Amino acid sequence: MSRLRDFVRTCARLALDFALPPRCAGCGTIVADVHSFCPDCWKQVEFLGEGGCACCGLPLQSTDQATCARCLAAPPRIARTRAAVAYDDLSRSLAIRLKYGRKVAIARTMAHYMAPLVKVDGDAVLVPVPLHRTRLWTRGFNQSALVARELSRRLDVAANVLALRRVRRTPPLKGMSPLQRRKAVAGAFRVTDRPAIAGKTIILVDDVLTTGSTADACARALKRAGAARVELVSWARVVKPSQLMR
Ligand SMILES: [Zn+2]
Ligand SMILES: [Zn+2]
């Protein structure tokens with residue numbers, strides 16, 4: 001019965017997708033292309049793309065090296081970090097609506113801009129940053145899992161939304177020092193399906209990347225379970241204005 005309901009719902013959604021003109025994910029104006037921004041919002045969005053350090057993705061000071069000094073000195077657990085856009089009012093509004101509003105349409109828009117940043121070679125698996133089950137119960141879904149599924153469809157790469165679990169509730173990290181953050185998320189993640197992870201390139205999927213402590217804790221659990229390489233792709237990234245290259 002529930003399968004029939006899902007089927008009817010999918011048909012209804014597809015019908016709607018065809019019947020309604022595509023709208024800008026930022027302001028709702030009708031646009032020509034599905035899952036894109038109108039020219040006004042486009043001008044506001046700060047696309048981060050492929051620039052910066054080959055490893056952490058942060059802007060490089062004037063140098064001919066591909067990797068920044070920090071990553072050279074201490075290679076991070078996440079071998080490659082990329083985000084589609086800088087975190088600002090517009091990208092935040094999408095992240096909020098992904099949690100509480102037009103989930104599927106927003107997840108598709110995000111995936112549309114994140115997909116070109118994913119470099120797939122060989123045995124890669126998309127793994128969303130998991131929510132704790134109590135959060136999952138109240139919200140009903142994991143917003144990063146929705147984006148991972150859309151990326152999977154677009155890139156034809158496997159997604160595994162269950163292999164990594166958040167086994168401990170973590171407090172909001174806002175306002176904490178780097179050390180406090182690290183402590184707050186230590187041991188919070190666990191791989192529950194080792195064969196799905198071992199020997200593979202794992203591409204972590206997140207909606208908003210702030211300091212990276214949560215993603216780093218995920219990477220730690222994935223590496224422990226035998227992941228060959230861990231990368232991260234997120235929708236938005238908190239970047240200080242001085243870090244933006246114009
Ligand atoms: Zn717009
Ligand atoms: Zn770097």
Side-chain angles (χ1 to χ4, degrees), residues 17 20-98 100-114 117-119 178 181-182 201-204 206-220 222-223 229-246:
D17 280 355
L20 296 174
R23 285 178 185 274
C24 168
C27 65
T29 317
I30 292 171
V31 288
D33 297 318
V34 195
H35 312 308
S36 58
F37 291 105
C38 74
D40 281 347
C41 289
W42 180 269
K43 269 183 256 157
Q44 268 185 63
V45 180
E46 195 78 55
F47 291 98
L48 296 175
E50 279 295 359
C53 168
C55 183
C56 68
L58 288 173
L60 289 161
Q61 304 303 329
S62 48
T63 167
D64 29 355
Q65 303 265 17
T67 311
C68 76
R70 273 182 70 170
C71 291
L72 279 175
R77 251 180 223 111
I78 299 177
R80 187 169 174 273
T81 298
R82 286 293 177 270
V85 300
Y87 189 68
D88 58 13
D89 288 344
L90 192 87
S91 62
R92 186 178 56 222
S93 87
L94 258 76
I96 291 171
R97 274 181 294 147
L98 177 66
Y100 306 109
R102 295 166 56 228
K103 308 184 287 249
V104 177
I106 299 289
R108 281 189 190 157
T109 301
M110 289 180 176
H112 175 83
Y113 293 102
M114 290 160 76
L117 302 172
V118 180
K119 296 274 173 288
R181 284 168 188 263
R182 230 174 298 143
T201 294
I202 305 302
I203 302 158
L204 272 170
D206 207 354
D207 54 350
V208 177
L209 175 63
T210 47
T211 61
S213 3
T214 303
D216 185 69
C218 290
R220 195 189 185 106
L222 291 163
K223 284 271 172 121
R229 178 182 165 91
V230 180
E231 301 188 3
L232 170 72
V233 63
S234 88
W235 158 243
R237 180 175 200 167
V238 177
V239 191
K240 295 188 198 109
S242 61
Q243 291 178 314
L244 284 174
M245 288 190 294
R246 284 172 191 274

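Computed from heavy atoms alone, side chains included, the values below leave out hydrogens, waters and symmetry copies. Keep in mind that what you see is a predicted model, and the values were worked out from it rather than measured. Counting convention: from 1, in listed order, for ligands and their atoms alike.
Closest approach of Ala83 to Leu48, counting heavy atoms only: O-CB, 3.4 Å.
Not a single N/O/S atom of Cys55, whether from backbone or side chain, sits less than 2.8 Å from the Zn ion (ligand 2).
To the nearest 10 degrees, the Zn ion (ligand 2) sees SG of Cys68 and SG of Cys56 at an angle of 110°. Between the SG atom of Cys53 and the SG atom of Cys71, the angle taken at the Zn ion (ligand 2) works out to 110° after rounding to 10°. Take the Zn ion (ligand 1) as the corner point: the lines to SG of Cys38 and to SG of Cys27 open at 110°, to the nearest 10 degrees.
Between Asp216 and Ser213, the side chains place no donor N or O within less than 3.5 Å of an acceptor N or O (distance only, hydrogens not considered).
Between Thr109 and Arg97, every side-chain heavy-atom pair lies at or beyond the 4.5 Å cut-off. Contact check for Trp42 versus Val31: no side-chain heavy atoms found under the 4.5 Å cut-off.
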